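What you see is a predicted model, and the numbers here were worked out from it, not measured in a lab.
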Amino acid sequence: MHGGVGERHDYFVSYAPADHEWAAWIAWQLEHAGYSVLVAAWDVVPGSIRMGTLDRVRACDQVLAVLSPDYLTSVYGTAEWRLAWTDDPDGDKRRLVPVRVQSCEPPSVLSFVTPIDLVGLDESGARDRLLAGITASRTGRGKPTGEVPFPGPEGKGRKSAPYRGNGTEAAAPPFPRQQNTGSQRPAPAGGRASTGSLERAPAPASWALPATLDGWALTELEAALSPLHATVRTPVVWDDEALSALKADMDSRLPSLETSYVAWVAENLTFALRTTTFLRQWIPGLTTTALRRALNATLTGVAGTERMPVAQTTRALDYVAWVALRYPDAAGPTCQRTLVDFVIRLACETGSDPWSGAFTEWAVSMEDWNEVNERRLSLVEKWEKGRWRLVVSLYSHEGSWPEQIEGWLVDDSGNEKPRSYPISQEHLVEPPGEERTSREVVKVLEWARWDQDRHVQQVDLAVPTKLLADGPNGWRPEEIDVGPMLGTMYRVTIRWSDRLRRGRGLLSADRRLESISSSVAVPPVHWIDPADTADPHELRRQLKKGRYPEQALGVLATPSTDLAALLEVLLDFSPIVLWSDSAPTTVWPDIKHAVGTRWGEQLPHDLIRAYLQRRQSTPGTTEAPPLSFLRAVWEDKGWLKFCQSQIRRGAEK
């Protein structure tokens with residue numbers, strides 16, 4: 001069987017669902033030229049053995065990444081090209097071959113891999129360039145087989161002969177024109193064009209925002225300058241240019257302890273200024289709490305490292321400058337390595353993406369990319385193992401406003417014995433309602449963050465069905481006021497309270513989650529026909545019979561029946577259910593496309609951010625993103641394990 005387990009192929013085509021036409025065209029051209037190809041569009045057929053991402057990538061000599069704006073946001077695509085790159089990080093084997101089919105700026109290390117560029121070419125030109133690039137990637141050189149033509153006095157060479165093929169096989173798939181233009185998104189900030197070099201890059205012009213020394217950093221520089229103050233010209237402000245000039249001045253003088261120290265301080269504060277300016281753009285909502293935690297994590301285990309006094313922690317530059325000047329760097333005299341580690345930890349604390357193009361651009365300007373990437377992998381993995389999730393149960397016997405609110409701190413795997421939040425007697429006195437519910441959720445959050453001193457980034461809110469089905473103007477738990485909204489500070493994910501308190505549908509949800517996680521089906525969500533939602537009892541019977549595929553379930557049309565009753569039926573069978581928040585019919589195709597291209601663990605948080613963006617848009621305009629019309633219950637393996645453990649403890653009692 002083609003594509004069977006254990007069968008070896010020349011190429012694996014990695015692509016986003018929106019680019020399936022390009023994937024099919026590329027695969028056909030390669031097989032027509034005599035290569036063997038594994039592509040999900042052709043090789044995932046009824047009866048085939050399902051293969052995981054790692055198996056598919058490792059079963060092929062090379063991976064072709066079909067680059068487009070949709071691919072750069074694809075969870076599966078990102079996993080596939082990273083696996084190929086991990087197998088061959090230096091590119092000696094050319095395991096990863098990007099094929100650029102739409103204008104986009106690849107993020108991260110992908111930007112350094114030379115692509116086969118098909119953008120703007122007609123079918124003949126695209127075929128010639130694809131096959132020539134494939135040959136060059138396999139041989140390691142792009143030298144032509146025939147003599148190179150003389151360009152002529154005007155520099156005009158002859159065009160290469162078009163590829164004619166060598167057989168009469170079935171017709172090739174139609175050449176994909178520049179489709180999906182309506183769904184293209186701008187490339188991630190800080191994206192870099194392919195350079196083929198890993199040399200240190202200068203800071204981009206976009207970082208050149210007004211940034212000057214103040215606070216503790218300025219005090220440290222003035223203290224270092226005090227022995228030389230009479231011989232140093234003090235500028236109006238100490239910015240990047242002034243600090244560079246100061247270092248050059250010190251280097252030009254006769255070496256002494258004082259001049260060497262001032263030069264060291266000036267250089268490291270230059271890196272601190274650059275880092276602070278970058279952080280202002282990359283993490284706009286940066287808080288002192290996140291900075292303090294990242295600082296403490298950076299200093300953990302370093303003997304003799306001075307801790308920053310709380311009174312001086314008033315601005316981002318204070319933290320960054322403290323790291324630059326106080327944390328010893330064994331790798332060299334400057335602080336780039338330390339600052340990179342600090343920013344990686346800060347990204348983990350704030351939920352920012354340490355794999356983004358913006359981070360990569362900044363990090364490469366600071367130090368050698370290979371060193372950065374090795375430590376990034378290690379630090380992110382270590383941080384992920386230490387994460388805690390806060391579970392807040394809003395359980396109600398009546399299914400509406402909770403009579404009792406409970407909280408647990410749970411290891412991210414869902415296995416560790418939880419620390420539970422002590423329930424106060426107020427719940428027995430004050431009647432249930434929105435105000436009390438919101439206030440008590442904040443109390444649980446404060447308990448987790450401060451009393452237990454745990455790193456909490458994920459907040460799981462287990463919500464009754466009736467509250468889930470509340471209308472578009474009803475209560476939304478991610479909007480709870482914690483200064484800003486809860487959903488802007490934490491990764492809020494909505495769960496189903498009946499799963500936790502009654503164990504409803506646990507077995508079915510667990511089995512279906514395994515299927516969703518391992519499936520390569522496109523699209524990842526089965527959108528239920530509106531006609532099937534009219535009778536929830538009949539829908540339940542059809543689900544029990546296995547009529548619907550074991551994918552996530554979605555409903556776009558406003559159901560003619562009670563939404564709460566419909567959600568209870570769907571949640572009994574699926575751990576991931578999406579439904580429309582009064583989405584117009586014209587937006588449905590855009591919603592499906594947005595979900596398909598952004599599918600992954602980050603999507604629940606993307607839904608919240610999209611909704612907040614919709615609230616800020618002008619009414620009656622097209623500014624609202626498609627995802628803003630969706631609500632979701634999104635359950636993962638760790639959550640289901642926790643539900644199972646709670647049900648088991650209840651049975652033992």
Side-chain angles (χ1 to χ4, degrees), residues 73 75 183 185-186 283-285 350-353 390 392 394 434 437-438 441-442 445 457-497 524-525 527 552-559 563-564 566-567 570-571 576-636:
T73 59
V75 174
S183 66
R185 293 176 289 278
I283 313 177
T350 59
S352 304
D353 183 11
L390 175 63
V392 183
L394 311 179
E434 178 179 348
T437 299
S438 299
V441 169
V442 174
L445 182 62
Q457 185 183 12
Q458 173 76 37
V459 178
D460 294 349
L461 290 171
V463 183
T465 315
K466 286 186 180 179
L467 290 186
L468 288 173
D470 217 352
N473 298 318
W475 182 67
R476 292 174 179 267
E478 64 268 25
E479 292 186 13
I480 291 174
D481 184 7
V482 289
M485 294 181 186
L486 183 67
T488 64
M489 290 188 65
Y490 299 93
R491 295 193 182 197
V492 175
T493 307
I494 306 302
R495 319 294 192 180
W496 190 32
S497 63
V525 179
W527 298 100
L553 298 176
V555 181
L556 286 178
T558 303
L563 177 58
L566 177 62
L567 289 179
L570 298 178
L571 287 166
I576 301 175
V577 174
L578 300 95
W579 67 96
S580 166
D581 184 3
S582 64
T585 307
T586 55
V587 183
W588 291 357
D590 295 330
I591 291 176
K592 293 180 180 180
H593 176 76
V595 170
T597 56
R598 304 191 67 159
W599 184 260
E601 294 181 359
Q602 180 66 21
L603 185 57
H605 195 57
D606 290 345
L607 296 177
I608 294 174
R609 289 189 295 184
Y611 173 71
L612 296 176
Q613 183 179 341
R614 174 182 162 192
R615 289 191 56 189
Q616 297 167 0
S617 64
T618 305
T621 67
T622 58
E623 299 175 12
L627 289 178
S628 68
F629 293 98
L630 278 182
R631 300 285 286 161
V633 168
W634 195 290
E635 299 175 335
D636 57 21

Any donor and acceptor pair, going by atom type alone, linking the side chain of Glu479 with main-chain N or O of Met485 inside 3.5 Å? no
All side-chain hydrogen bond (donor to acceptor under 3.5 Å, both in side chains) counterparts of Ser628, not counting sequence neighbours: none
Closest heavy-atom pair, Leu553 versus Val525, reported as atoms and distance to 0.1 Å, is C-CG1, 4.0 Å
Minimum side-chain heavy-atom gap Thr493-Asp636 below 4.5 Å: no
Heavy-atom side-chain contact between Leu563 and Val555 under 4.5 Å: no
Heavy atoms, side chains only, cut-off 4.5 Å: are Leu394 and Ser497 in contact? no
Could you pull out all residues at least two apart from Trp579 that satisfy side-chain hydrogen bond (donor to acceptor under 3.5 Å, both in side chains)? none
Tell me, please, which residues at least two apart from Thr437 pass side-chain hydrogen bond (donor to acceptor under 3.5 Å, both in side chains). none
Value for CG (Leu630) from CG (Leu556), rounded to nearest 0.5 Å, stands at 6.5 Å
Which value, rounded to the nearest 0.5 Å, describes the distance between Leu390 atom CG and Gln458 atom CD? 9.5 Å
Closest heavy-atom contact between Glu635 and Trp496? OE2-N, 3.2 Å
Below 4.5 Å, heavy atoms only, C-beta onward: do Ile494 and Pro477 meet side chain to side chain? yes
Kindly write out the residues that satisfy side chain to side chain contact (heavy atoms under 4.5 Å, CB included) with Ile608, not counting sequence neighbours, or none if the list is empty. Glu478, Val492, Leu612
Residue set satisfying side chain to side chain contact (heavy atoms under 4.5 Å, CB included) with Pro626, at least two apart, ordered chain then number -> Val587, Asp590, Ile591, Ala594
Is any side-chain heavy atom of Leu603 less than 4.5 Å from a side-chain heavy atom of Leu627? yes
Does the pair Leu445 and Ile480 meet the rule for a side-chain contact (heavy atoms from CB on, under 4.5 Å), with working shown? CA-CA 11 Å; Leu445 182 62; Ile480 291 174; over 6 Å; no
